[in-house]
2 protein chains.
Amino acid sequence: MGLDNRKKEVLQAIVDDYVATCEPVGSKALIDRHDFMVSSATLRNDMAELERMGYLEQPHTSAGRIPSDKGYREYVNSLMKVDHLSDEEGREIKEKLGKSFDEIASLLKAASAALADQTGYISLAVTPKLTSSYLTQLKMLMIEPGKVLVVVVLSAGVVKNRMVRIPDFLTQEQVAQISNAVEQGLSGMPLSEISLITVATAAKDNQKVELPDALLNQVLYEAYTAIKQADNLDVYMDGKHRMLSLPEFSDTKRAQGLFDTLSHDGLVAGYVDEVAQQDGKKEYMIRICQEITLEGLDGCSFITTTYNVGGKVAGNIGVIGPKRMEYSKVISQINFVRMMIDEQLKQ
Amino acid sequence: MGLDNRKKEVLQAIVDDYVATCEPVGSKALIDRHDFMVSSATLRNDMAELERMGYLEQPHTSAGRIPSDKGYREYVNSLMKVDHLSDEEGREIKEKLGKSFDEIASLLKAASAALADQTGYISLAVTPKLTSSYLTQLKMLMIEPGKVLVVVVLSAGVVKNRMVRIPDFLTQEQVAQISNAVEQGLSGMPLSEISLITVATAAKDNQKVELPDALLNQVLYEAYTAIKQADNLDVYMDGKHRMLSLPEFSDTKRAQGLFDTLSHDGLVAGYVDEVAQQDGKKEYMIRICQEITLEGLDGCSFITTTYNVGGKVAGNIGVIGPKRMEYSKVISQINFVRMMIDEQLKQ
DNA sequence: GTTTAGCACTCGAGAAGGTTGAGTGCTAAA
DNA sequence: TTTAGCACTCAACCTTCTCGAGTGCTAAAC
C-alpha cells in the first residue's frame, strides 16, 4: 500500500521539477535532472504506478506527469525537507521588520509586506482574536459638540478608535464623566463578558452626574459598539498583483476570480480562523487546492501559522500561492516571520 | 484648420462606437449605427482626412479606425455631452453614501467604493491637504508605561492617531500635563506654522511640572511628529481587480504594470495633486493616456475632481480607467459623488 | 521478480498554406 | 462635393501537415 523508497524519490523529484518549471515532467527529463540509477523505462513504470495510485496526473496521453492534490499532500506530509532559511534571507526579513513597532497593526502590516516580498506570493496577516483579552482603557474625547472619539485599549496592546455621534448638548465634562465611569467599571473585564448590560451597570454604579436614562443609554450604546468593534478581525494582505506574473494566472479570468474572493476580508479572515481551529496543534497549517473550502481560490494553496501575543495563542499569518508553490521554502519563511512577531509581542 | 460639422460628428460617432465595442470602427459600421445622410464613401473620405489631421489611427491597412489621444482630447474638450445622471444611478450612489459619516476617512472610503462600483473602473479618493487647517486638539493617552497614544484633531474634522514610545518612568500625570500644555499653546495654530520650536515654546510657556530639558524634548519631538504625520495624504483606492475584465488588460503584463504603479500610494497621491495644481480652476481634470506623466499607466486615462471641506478647496477624488473610457458618464458620476461629499463636509 | 532496450503509438504545438470578409483608397461619373 | 464601383490589403480563422516529447507494451536480460 505504501510507497517504496524509489517511488517516493520519484514523486519528490516530480514535484520539485514541476514546481520549478510549471511544465509536465517526463521520464527522460527526470533522468537528466536527477541521478536515478535506473533507466527511464523503469521510471516510466513507477510513474504509471504512481498515477494508478492517484499521486500523479497526466494532462494528456503524450505529455509528462504533474502532481495531483494527493501527490502534493504526500509531498508536504512526508517528502519535503523544511530547512532553515539562508542567513541572507533571514537578514533581508529582519531588515524589513527590524525596527520595533509600537502597535500590533503596524507590525502586522510590515510583516505582511515582508512576507509577500520574500515569497513572491500573496501574504496575509490577521489581527489577534481578542475574546480572551480584557479592556484596559476606554476614553471618550469630545472632538466637537455631538462628535466623540472613543478610544478602546485592550490588554493585548491593541488600540482601536471609532468616531461616534451623541446628542449635541452634552458637555465635555458630562462625556468625560461617563467615560470615566464606564472605564472604571469595565477595566479588567474580559471582552466576552462585556455586554450592553454590564456597560450600563458600570456606568450607573460609578456615575456622579445625573442624566436622563434614555440619554445616558444612547451614549452607552455607542461606547458598547466601539468596544465590540475593537474585537473585529482585521486582515492585512499584500502581494496580490504578483500573482499575475505566474503562468497559472495568465488567464485573467482566474486572476479576477481570485481577487474577487480576496477582496472580501471577512471571508478570508473567517477561513483562516476555521483552518486554525481544525489544525490547532500544528506548527503550520496547509490546505492544498481542493482542500480549500473557499470559493474562487481554484488552483491555490494556503499555508498559515499562528503567532502569539504575550505567550498566548493569538492571530494568524499566512501565504496564498499557486498549488505549485515552493512549500518548504515558504514554510520556513513564514516560520521565520512568525518568530519575529512572537519576539516583538513577547510581553 | 478646424473641423467642419460633419467631421466632428464622425469623430464623435467613432469615439462613441469604439468606447462601446473596443473594436476598430469602419465606415460601413458607422453608417449602420448612426444616421448620417451621406454614403460610406463620403465617410471614408472624412475618416482619411481625420487620420491625416491626427485624430484617428489605423491599427492596420484593412481595419477600421480608432481614436488617437488627440482624438479623445478633442472629444472630451468639445464633442461629448456631459449630461445628468439618471435618477436610478443617482439613487444607487446615494444609497451607498446615504448614511452620514462621522469621519472623513470613512466617508472617503465609502465614496471610493461607490465610485468604483458605479463606474466599473478604478476609483481613488485622497484625503484633504491640510496645510490651511489648524490644530484643535492634542491628547496623549498613556496606554502602558512607555507607550503613549497621541491623538491629533484638526480643524477639518480630521482625526489621526499614532502610537509613540517615551521613557518608561514618566507618569500618567506628567504626560497629561505635557499634553495639556502643548494643546493649550498650539490649538488654533495653522499646521504650517507648527514646528519643533513652536511646540517647545508652547510646552514651556504652559508647563507646570519640571522635567529635565532633554527628557521633555524627547516627548515633544514625538508629539511634533504625530502632528506632522497627520498632514500626510492618504489614498483610498478601489476596484482595481475590475480592470482585469477589460480587453485592454487581458494581457497580464500590462495589468501587472498598472497594479505595480498603483501600489505606490504616494506616487498616485502626488500625481493627483500635481494635476489639481495645473488645472486648479476647472470643474474636473482629465489626463488622457500619454498626457499622464506617471509611469506604468500606459493606455489609461485619468479623471479627477476636487471636493471641499467647509467650503474651502480640499482633497481630490477620481477615476482611472482605460483610455477607452465612458468619459461623459464617468464625469457625471464623479461630479455626483463630489457633490455628495461636499454636502456632508459642508460645515 | 525487476530492469531494460526497443518499438509502435498518441497527441499537442507549431508551421504552412488557403480562404474569408471587413475594410480601405482611388477613380470616374453624377 | 458626393457617390458607386472596383481592385486591393491583411488580420483572423481554418485546415493540414510535420515534429517530437512522451507514453505503454513486449520480450529479452539480469
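First the proteins, then the strands, lettered A, B, ... as listed; each starts at 1. Because the structure is a prediction, the values reported are computed rather than measured.
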| message | Could you identify the nucleotide paired to D/dG24, looking across every strand shown and requiring Watson-Crick or G-U wobble geometry with both distances under 3.5 Å? | response | C/dC7
| query | Picking from C/dG25, C/dC11, D/dT9, which would you name as closest to the side chain of B/T61? | reply | D/dT9
| field | Minimum side-chain heavy-atom gap B/T42-B/F36 below 4.5 Å | value | no
| field | Under-4.0 Å side-chain N/O to phosphate OP1/OP2 contact, A/S27 with D/dT23 | value | yes
| field | B/Q58 side-chain proximity, nearest of C/dT24, D/dG24, C/dA22 | value | C/dT24
| field | Option passing side chain to side chain contact (heavy atoms under 4.5 Å, CB included) with B/K323 (candidates B/S301, B/S68, B/P67, B/C300) | value | B/S301
| Selection from C/dT24, C/dT4, D/dG24 that lies nearest to any side-chain heavy atom of A/T42 | C/dT4
| query | With sugar-phosphate meaning primed atoms plus P, OP1 and OP2, does B/A41 contact a base, only sugar-phosphate, or nothing at under 4.0 Å between heavy atoms? | reply | base
| field | Proximal nucleotide (of D/dT23, C/dT4, C/dT24) relative to the A/V38 side chain | value | C/dT4
| query | Are B/D117 and B/R242 within salt-bridge range, i.e. N to O under 4.0 Å? | reply | yes
| query | Between C/dC11, D/dT9, C/dT24, which nucleotide gets closest to the side-chain atoms of A/S62? | reply | C/dC11
| said: I want to verify a distance call: between C/dT24, D/dT23, D/dT3, whose nearest atom is closest to the B/N45 side chain? | reply: D/dT3
| With respect to the phosphate group of D/dT3, does any side-chain polar atom (N or O) of B/S39 fall under 4.0 Å of OP1 or OP2? | yes
| request: Please determine if a side-chain N or O atom of A/R44 lies less than 4.0 Å away from the OP1 or OP2 oxygen of D/dT26. | output: no
